[in-house]
Amino acid sequence: IYFTCIPKGVYIDSVDGTIAIEDINPGDIVIGYDGAPVKVLQKHNYLENPDIKSFCKVCFKDNDEIKEVNVSDMHRIRGVRSKDITENVVSKEFYGGVKYTYDLLTEDAGYRINGIPVNSMIEEMACYTAELLNDK
């Protein structure tokens, strides 16, 4: 099983501005998927293969602004995998070089990057892992 999430250095929206995802801990308050402050319940850390181009910089047109979101190509933004998302997308760039990623489980199962709702993938990964183990 191989999962990738949010690259180190990506800033998550919080009530006090933005915080690098690697600096967020369980108990911290961030802006949730629905746009309200929520508590971080879990934080997962992953070691990545920097040689694989499995990350995606997606630029969205949001009103009159362009907002950038950096996630893995399988991470969900507004419920759609970043590699497949098209709504309000201005550009998409795939890249590698990422050594560490993180994901957060919040009270509303998501958070915001530059005001854009991003899903937590922790629950989906846990369900997928349980399915694989039950198939053995």
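Remember, predicted model here, so these are calculated numbers, not experimental data.
Checked by atom type, the side-chain pair Ser14/Asp16 shows no donor-acceptor distance below 3.5 Å. Counted by atom type alone, Tyr111 and Asp103 present one or more donor-acceptor pairs between their side chains at under 3.5 Å.
By the 4.5 Å heavy-atom criterion applied to side chains, Gln42 and Pro26 are not counted as neighbours. In this structure, Glu65 and Phe60 have side chains that are not in contact, with every pair of non-hydrogen atoms separated by 4.5 Å or more. The shortest distance between side-chain heavy atoms of Leu41 and Thr106 does not fall below 4.5 Å. Contact annotation: the side chain of Ile77 never approaches that of Asn119 to less than 4.5 Å [non-hydrogen atoms, C-beta and beyond]. For the pair Arg78/Tyr33, a side-chain contact is recorded, criterion being any heavy-atom separation below 4.5 Å from C-beta on. When side chains are defined from C-beta on, Tyr95 counts as touching Pro7, because their heavy atoms get closer than 4.5 Å. Contact annotation: the side chain of Ile24 approaches that of Val30 to within less than 4.5 Å [non-hydrogen atoms, C-beta and beyond]. Taking the side chain as every heavy atom from C-beta outward, Pro117 and Arg112 approach each other to under 4.5 Å.
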**OP:** Could you walk me through whether Tyr102 and Lys43 pass side-chain contact (heavy atoms from CB on, under 4.5 Å), step by step?
**Re:** CA-CA 7 Å; Tyr102 304 85; Lys43 176 183 173 183; 3.6 Å; yes
Original post:
Does the pair Ser91 and Cys59 meet the rule for a side-chain contact (heavy atoms from CB on, under 4.5 Å), with working shown?
Top reply: CA-CA 5 Å; Ser91 67; Cys59 292; 3.4 Å; yes
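Counting only distance, with no hydrogens or angles, the side chain of Ser120 and the backbone of Ala109 share no donor-acceptor pair below 3.5 Å. Using modelled atom types, one side-chain atom of Asn114 and one backbone atom of Glu68 make a donor-acceptor pair closer than 3.5 Å. Counting only distance, with no hydrogens or angles, the side chain of Asp34 and the backbone of Ala36 share no donor-acceptor pair below 3.5 Å. Checking side-chain atoms of Lys92 against main-chain N and O of Ile85 turns up a donor-acceptor pair under 3.5 Å.
When every heavy atom of Cys5 is checked against every heavy atom of Tyr46, the shortest pair comes out as SG-CE1, 3.8 Å. Considering all non-hydrogen atoms of both residues, Gly110 and Val38 come closest at O-CG2, 4.4 Å. Here the closest heavy-atom approach between residue Ser72 and residue Ser82 is recorded as O-OG, 2.7 Å.
Rounding to the nearest 0.5 Å places CG of Asn70 at 11.5 Å from CD1 of Ile21. Within the model, atoms NZ of Lys61 and CD of Glu87 stand 14.5 Å from one another, a figure rounded to the nearest 0.5 Å. Atom-to-atom distance recorded for Lys39:NZ and Ile29:CD1 is 6.0 Å, nearest 0.5 angstrom. Once rounded to the nearest 0.5 Å, the distance linking CZ of Arg81 with CE of Met74 reads 4.0 Å. With rounding to the nearest 0.5 Å, the separation of NZ in Lys99 from CG in Leu47 is 10.0 Å. Rounded to the nearest 0.5 Å, atoms CD (Glu22) and CG (Asn45) are 10.0 Å apart.
The hydrophobic cluster of Phe94 has no other members, since no ILVMFWY side-chain heavy atom comes under 4.5 Å of it.
In the hydrophobic cluster analysis, where Ile, Leu, Val, Met, Phe, Trp and Tyr join through side-chain heavy atoms closer than 4.5 angstrom, Ile31 is grouped apart from Val40. Val69 is connected to Tyr100 through a chain of hydrophobic side-chain contacts under 4.5 Å among Ile, Leu, Val, Met, Phe, Trp and Tyr, so both are in one cluster. One hydrophobic cluster holds both Val80 and Val118 under the rule that ILVMFWY side chains link at heavy-atom gaps under 4.5 Å. Following chains of ILVMFWY side-chain contacts shorter than 4.5 Å, one cannot reach Phe55 starting from Met121, and the two form parts of different hydrophobic clusters. Under the 4.5 Å side-chain heavy-atom criterion for ILVMFWY residues, a single connected hydrophobic cluster contains both Ile19 and Ile113.
Electrostatic pairing of Lys57 and Glu93 counts as a salt bridge here, judged by a charged N lying under 4.0 Å from a carboxylate O.
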